[in-house]
Asker: 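This structure is in structure tokens; I'll ask about it shortly.
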Amino acid sequence: MNKIKKALITGITGQDGAYLAELLLEKGYEVTGTYRRTSSVNFWRIEELGIQSHPNLKLVEYDLTDLGSNIRLLQSAQPDEVYNLAAQSFVGVSFEQPVTTAEITGVGPVNLLEAIRIVNPKIRFYQASTSEMFGKVQAVPQKEDTPFYPRSPYGVAKLYAHWMTVNYRESYGIFGCSGILFNHESPLRGREFVTRKITDSVAKIHLGQLDVLELGNLDAKRDWGYAKEYVEGMWRILQADHPDTYVLATNRTETVRDFVSMAFKAVDVALEWSGSADHEIGTCKKTGKVLVRVNPKFYRPAEVELLIGDPAKAEKELGWKPKTTLEQLCQMMVEADLRRNKAGFSF
Ligand code: NDP
Ligand code: GDP
């Protein structure tokens, strides 16, 4: 009989942690998921997926930045696979809190790698790396061997953790893998990220709960995929014969402005753009009402202008391929936000 596999997911209260837990439970894993000691723990994502009381799911309190916690966690959970998704993951905040971001997002994963080295070097390790490491892009599209040039404290911190994962692979033979994932979104995305901010605001405007959506740089281009498909890619990365680094992306890029138009289209509103730079506005073609406005307070000190990834290696070696189009993803997110805002709540 096959042994039941055990997985540890750090950051189960986040978007990817919730979807990955759902996937691994479906696959028959025993899952330990970590959450942080905060004044109000937020389990809304695993509740929305209906897995919070699953008999094979165990939730434990933990902080990535504490080495002892990492060692004790591995000793008690005894995982075969560790997915390190915990991070201070928001680029905007990383400019305000660079040191905290370095401690959590950069050095944090080294605590886990050290714990693996001490407790059981056979544990397979997934590190959540990011396209933000490419930053000021050196090639289009970006792939595994494109040079890095991070443009935010978040990107710099993630790059350190990425190279430490590679280093533990090469130095100690640890099955350490790095998934360089391009932006991936879903109805479970945090509202501080631009896609969810847009779909939540479009739903509120449609329901008469908000007048105008204010945004920063509308020209930034991103390669946006569906998070549920990307966590499946994470799992495939850890099932490979050899530990390696993989890009997961859709190979399509659109501007923030395009995503705003797409989201309004999902509620049958056609937008017209006028003005430029700090004064750009989006108006409803039918009524002439201003629905979108640029507010420079949302600009970043340094911007990543263009991300587009080439997932050919993941397709060839892992059989991974994105399926959901950006239009489908946007529609799904707007519908979820309409439902939530109609019911009077939105996380
Ligand atoms: P989220 O921000 O939704 O989730 C991050 C998780 O990390 C939360 O559960 C958070 O807990 C937890 N966390 C934060 N600090 C600590 C800490 N000190 N100790 C333990 N846990 C902590 O991110 P996503 O789910 O979107 O992303 C998952 C990972 O993938 C992140 O590492 C992110 O940087 C990376 N990534 C994401 C991309 C994306 O487009 N989504 C793209 C590329 C990489 P709490 O709920 O308490 O805050
Ligand atoms: P990121 O790619 O990890 O930084 O993901 P975000 O969703 O936070 O941002 C994507 C892009 O949208 C960045 O280039 C931002 O500058 C741009 N953007 C424009 N307006 C906003 C806004 O109001 N909020 C956020 N979060 N991003 C914005």
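All ligand and atom numbering here is 1-based and tracks the order in the structure.
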Asker: Atoms of ligand 1 less than 4.0 Å from Ser89 heavy atoms?
Answerer: 1 (P), 2 (O), 23 (O), 33 (C), 34 (O)

Asker: For atom 17 (C) of ligand 1, grab the closest protein heavy atom and report residue, atom and distance to one decimal in Å.
Answerer: Arg36 CD, 3.5 Å

Asker: Anything under 30° is parallel, anything over 60° is perpendicular, the rest tilted; go ahead and classify Phe347 against Trp44.
Answerer: parallel

Asker: Identify all side-chain donor-acceptor contacts of residues 259-273 below 3.5 Å with residues at least two apart in sequence or on another chain.
Answerer:
unit_1	atom_1	unit_2	atom_2	d
Ser261	OG	Arg257	O	3.4
Ser261	OG	Trp273	NE1	3.0

Asker: Can you list the atoms of ligand 1 that are under 4.0 Å from a heavy atom of Ala87?
Answerer: 5 (C), 7 (O), 13 (N), 14 (C), 15 (N), 31 (C), 32 (O), 34 (O)

Asker: Do Lys228 and Glu22 sit within salt-bridge range, that is, some charged N less than 4.0 Å from a carboxylate O?
Answerer: yes

Asker: Examine Arg124 relative to Phe175 and say whether NZ or CZ is less than 6.0 Å from the centre of the six-membered ring and inside a 45° cone about the ring axis.
Answerer: yes

Asker: Going hydrophobic residue to hydrophobic residue with side-chain gaps under 4.5 angstrom, can you get from Leu23 over to Phe125?
Answerer: no

Asker: I'd like to check which ligand 1 atoms, numbered from 1 as shown, lie under 4.0 Å from a non-hydrogen atom of Asn183.
Answerer: 40 (O)

Asker: Side chain or backbone of Lys158 under 4.0 Å from ligand 1, or both, or neither, by non-hydrogen atoms?
Answerer: side chain

Asker: Nearest to atom 27 (O) of ligand 1, what protein heavy atom do you find, and at what distance?
Answerer: Asp16 OD2, 3.6 Å

Asker: So that I can tick it off, tell me whether Arg45 and Glu48 are bridged by a salt bridge, with the cut-off set at under 4.0 angstrom between side-chain N and carboxylate O.
Answerer: no

Asker: Does any N/O atom on Phe193 come nearer than 3.5 Å to any N/O atom on ligand 1?
Answerer: no

Asker: At under 4.0 Å between heavy atoms, which part of Ser131 makes contact with ligand 1: side chain, backbone, both or neither?
Answerer: neither

Asker: Carefully, step by step, assess Arg169 and Thr245 under the rule side chain to side chain donor-acceptor pair (under 3.5 Å).
Answerer: CA-CA 11 Å; Arg169 186 198 298 164; Thr245 296; 3.1 Å; yes

Asker: Check whether the ring centres of Tyr246 and Trp320 lie less than 6.0 Å apart, and answer yes or no.
Answerer: no

Asker: Flag the pair Glu305 / Lys221 as yes when at least one side-chain heavy-atom distance between them is below 4.5 Å, and no otherwise.
Answerer: no

Asker: Got Ile308 and Arg252 here, is their nearest side-chain heavy-atom distance under 4.5 Å?
Answerer: no

Asker: Within ligand 1, which atoms have a heavy atom of Thr130 less than 4.0 Å away?
Answerer: 43 (C), 44 (C)

Asker: Got Asp223 and Ser131 here, is their nearest side-chain heavy-atom distance under 4.5 Å?
Answerer: no

Asker: From atom 6 (C) of ligand 1, work out which of Gly11, Ala227, Gly17 has a heavy atom at the shortest distance.
Answerer: Gly11

Asker: Is the shortest distance from a heavy atom of Tyr35 to ligand 1 less than 4.0 Å?
Answerer: no

Asker: Would you say that Val82 contacts Tyr126 through its side chain, given a criterion of any heavy-atom pair below 4.5 Å between the two side chains?
Answerer: no

Asker: Taking the side chain as everything from C-beta on, heavy atoms only, tell me whether Lys5 gets closer than 4.5 Å to Glu30.
Answerer: no

Asker: Heavy atoms under 4.0 Å from ligand 2: which residues qualify?
Answerer: Phe90, Val91, Glu132, Asn183, Glu192, Phe193, Val194, Lys197, Leu215, Gly216, Asn217, Ala220, Arg222, Val256, Phe298, Arg300, Glu303

Asker: List the closest protein heavy-atom neighbour of atom 42 (C) of ligand 1: residue, atom name, distance to the nearest 0.1 Å.
Answerer: His184 CE1, 3.4 Å

Asker: Just which atoms of ligand 1 are under 4.0 Å from any heavy atom in Arg189?
Answerer: 26 (O), 39 (C), 40 (O), 41 (N)

Asker: Provide, to 0.1 Å, the distance between atom 3 (O) of ligand 1 and the closest protein heavy atom, together with that atom's residue and name.
Answerer: Gln15 N, 3.1 Å

Asker: Going by heavy atoms, is Asp63 under 4.0 Å from ligand 1?
Answerer: yes

Asker: Before you tell me yes or no, could you show the steps for Thr34 and Thr10 under side chain to side chain donor-acceptor pair (under 3.5 Å), namely the whole-Å CA-CA distance, both residues' side-chain angles and the distance that decides it to 0.1 Å?
Answerer: CA-CA 5 Å; Thr34 76; Thr10 68; 5.0 Å; no

Asker: Please confirm whether Glu103 comes under 4.0 Å of ligand 1, counting heavy atoms of the residue only.
Answerer: no

Asker: How far is atom 43 (C) of ligand 1 from its nearest protein heavy atom, and which residue and atom is that?
Answerer: Leu181 O, 3.2 Å

Asker: Does ligand 1 come near enough to Thr34 that some N or O of the ligand is less than 3.5 Å from an N or O of the residue?
Answerer: no

Asker: Looking only at distances, please establish whether an N/O atom of ligand 1 is found under 3.5 Å from an N/O atom of Thr65.
Answerer: no

Asker: Taking the cut-offs as 6.0 angstrom to the six-membered ring centre and 45 degrees off its axis, would you call Arg189 and Phe193 a cation-pi pair?
Answerer: yes

Asker: For ligand 1, which atoms have a heavy atom of Ser129 less than 4.0 angstrom away?
Answerer: 43 (C), 44 (C)

Asker: For Thr10, state whether at least one heavy atom is located under 4.0 Å from any atom of ligand 1.
Answerer: no

Asker: Do Leu113 and Met164 make a side-chain contact, defined as non-hydrogen atoms from C-beta onward lying under 4.5 Å apart?
Answerer: yes

Asker: Can you check whether Phe134 and Tyr149 have ring centres sitting under 6.0 Å from each other?
Answerer: no

Asker: Side chains of Tyr29 and Asp80: do they bring a donor and an acceptor to under 3.5 Å?
Answerer: no

Asker: Provide the number and element of each atom of ligand 1 under 4.0 Å from a heavy atom of Tyr154.
Answerer: 33 (C), 34 (O), 35 (C), 36 (N), 44 (C)

Asker: Counting non-hydrogen protein atoms only, what is the nearest one to atom 46 (O) of ligand 1? Give residue, atom name and distance.
Answerer: Thr13 OG1, 2.6 Å

Asker: To the nearest 0.1 Å, how far is atom 20 (C) of ligand 1 from its closest protein heavy atom, and which atom is that?
Answerer: Leu64 N, 3.6 Å

Asker: Compute the centroid of each ring, for Tyr35 and then for Phe43, and state whether the two points are separated by less than 6.0 Å.
Answerer: yes

Asker: What are the atoms of ligand 1, with element, lying closer than 4.0 Å to any heavy atom of Ala128?
Answerer: 29 (C), 30 (O), 32 (O), 35 (C)

Asker: Just to confirm my output: which protein heavy-atom neighbour is closest to atom 31 (C) of ligand 1, and how far is it?
Answerer: Leu85 O, 3.1 Å

Asker: My understanding is that we take every heavy atom of each candidate and find the minimum distance to atom 12 (C) of ligand 1. Doing that for Ala86, Ala18, Ser69, Gly14, which one comes out nearest?
Answerer: Ala86

